[in-house]
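Residue numbers start from 1 in every chain, and the chains themselves are labelled A, B, ... in the order their sequence lines are given, proteins ahead of strands. Treat the numbers as computed from the prediction; the structure is a model and nothing was measured.
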Amino acid sequence: MIQLTSFDLSLGALLVGALALTSMRIYPGMARQLLIAALRTAIQLTLIGLVLKVLFANSNLLWVALLSLLMLAVAGREVMARQHRRFTGRWGYGIGAVSMFISSFTIALFALAVVIGNDPWYQPQYAIPLLGMLLGNTMNGISLALDRLTQSAWEQREVIEARLMLGHSEQQAFSVIRQQVFRSGLIPIINAMAAAGIVSLPGMMTGQILAGAPPVEAVKYQILIMFLIAGGAGFGTMAAIHFAVRRLFDDRMRLRLDRLHSNPSSSR
Amino acid sequence: MFQVSKLSRQGLSGISFSLEDSERVCLSGPSGSGKTLLLRALADLDPNTGRVALDGVERNTMPATDWRRQVALLPADSRWWAATVGEHFEDARSPQFPALGFEPDVLGWEVERLSSGERQRLALLRVLANQPRVLLLDEPTANLDPDNISCVERLVADYQSHSKAACLWVTHSRDQVRRVADRLLVLDDQGLHEESPA
């Protein structure tokens with residue numbers, strides 16, 4: 001594999017710098033966000049590279065578990081930050097984090113122990129990248145779905161309550177929104193699977209091929225990953241919808257918008 | 001048959017009154033006095049405390065869905081969630097459509113194309129299809145022309161006369177109070193009290 005030097009990377013960074021400079025004229029705030037995100041990518045990836053280096057050297061279940069939980073904690077914060085109207089209190093963080101834990105961790109365990117079946121199953125070289133990809137994509141699905149769900153509940157509160165007034169259950173009153181929300185959680189992975197190989201070459205497969213792996217082997221891994229991501233995003237979205245609906249309605253099936261932040265806020 | 005005692009919620013406290021079979025009671029009061037809040041609390045749409053019972057049965061002993069079918073709230077503006085009228089009716093054989101001047105094909109009509117009068121009359125029919133024991137009407141004729149107003153008033157009276165349902169009717173119109181009310185309740189900053197409807 002051809003090694004990249006710092007000079008190679010700074011050439012790439014020049015591109016982001018040029019984009020930031022140009023976008024100053026259109027939307028100055030965007031340029032700042034772009035630079036911060038680029039800086040975060042560089043720092044976070046460098047750090048994880050160092051962490052993985054140490055982790056690969058001594059394959060220890062405790063360390064793998066700790067890193068996994070850290071990744072989950074950050075993903076939970078990320079889901080919360082992307083909500084325009086998030087749930088108040090612990091639920092704002094909890095719904096996303098618990099849903100991701102349920103889907104991503106279960107599916108990662110299943111893939112490591114049953115499908116790939118390496119020994120030990122928690123071998124960090126497999127466990128961490130796999131969980132990372134699952135979490136990243138599940139996070140996208142869940143945050144899109146939750147954002148849509150809380151926003152729709154807020155905007156369509158009169159329709160929801162009109163149905164409650166007619167004696168409909170919260171499941172009936174929310175059925176139309178639930179379909180839209182489920183769709184928005186699944187559309188990214190459905191689009192990715194539909195376009196894979198024809199329009200786009202998925203990142204992981206491309207990485208393996210760049211690293212010198214035989215294309216057919218890389219493809220098999222990519223197909224597996226796509227299926228796992230579909231499961232993770234789909235079941236994660238279902239779980240998130242389930243918890244969110246339970247929180248949005250109380251035991252007397254009242255729509256409780258007071259459990260959402262009334263001031264729309266979004267960090268980006 | 002419908003008893004409310006010491007009902008309190010955000011914006012209201014200690015409301016007590018009762019309605020008898022077939023009784024039609026108007027509720028008036030200045031804007032912001034809490035008439036809509038009261039109706040929402042009675043339909044159990046917002047958290048509230050106090051005892052509310054129908055035919056001696058306390059509402060917390062029955063599922064919220066059953067309660068709202070029997071104690072039905074009709075707001076001033078109706079909301080629709082599907083494209084055609086029929087999708088909003090569980091039982092499409094409601095016999096009252098012709099009596100209200102609707103063609104038999106009304107169930108296939110698009111909601112988008114209904115006039116405000118048609119919307120409100122159909123919204124009332126949608127509520128009546130559940131055979132409620134208590135009707136909570138929140139300015140049901142506020143946005144209607146005189147023909148539609150008398151149509152809605154007649155429909156409510158007909159329903160009450162054969163079902164014995166009670167009705168609490170929020171209105172700002174003194175004329176409407178004189179036309180429809182058996183009793184008049186007024187909600188203001190003094191609380192809830194009774195006045196003569198005449």
Assess whether atom CE of M62(B) is packed by more than 12 heavy atoms of other residues, nucleotides or ligands within 6.0 Å. yes
Determine the option with the most heavy-atom pairs under 4.5 angstrom with chain B, choosing from E158(A), Q156(A), R163(A). R163(A)
Take L45(B) and R252(A) through the side-chain contact (heavy atoms from CB on, under 4.5 Å) test and state the conclusion after the steps. CA-CA 8 Å; L45(B) 285 166; R252(A) 295 296 291 172; over 6 Å; no
Do other residues, nucleotides or ligands put more than 12 heavy atoms under 6.0 Å from F227(A) CZ? no
Max heavy-atom pairs within cutoff under 4.5 Å with chain A, candidates R68(B), R59(B), R126(B), H88(B), goes to R68(B)
For chain B, which residues of residues 167-205 of chain A have heavy atoms nearer than 4.5 angstrom: G167(A), H168(A), S169(A)
Please name the pair of heavy atoms, one in W81(B) and one in L166(A), separated by the smallest distance, quoted to 0.1 Å. CH2-CD1, 3.6 Å
So does E161(A) pair up with R40(B), basic N to acidic O under 4.0 Å? yes
R178(B), CZ atom: more than 12 neighbouring heavy atoms under 6.0 Å: yes
Counting only heavy atoms closer than 4.5 Å, note whether N60(B) contacts chain A via side chain, backbone, both or neither. both
Taking R254(A) first and then D46(B), would you say they form a salt bridge - that is, a charged N and a carboxylate O separated by under 4.0 Å? no
Between P63(B), P47(B), A43(B), P75(B), which has the largest tally of heavy atom pairs under 4.5 Å with chain A? P47(B)
Flag yes if more than 12 heavy atoms outside R246(A) fall under 6.0 Å of its CZ atom; otherwise flag no. no
Got more than 12 heavy atoms from elsewhere within 6.0 Å of OH, Y93(A)? yes
By a 4.5 Å heavy-atom criterion (distance strictly below it), what part of D44(B) contacts chain A: side chain, backbone, both, or neither? both
How far apart are the closest heavy atoms of T65(B) and M253(A), and which atoms are they? CG2-SD, 3.7 Å
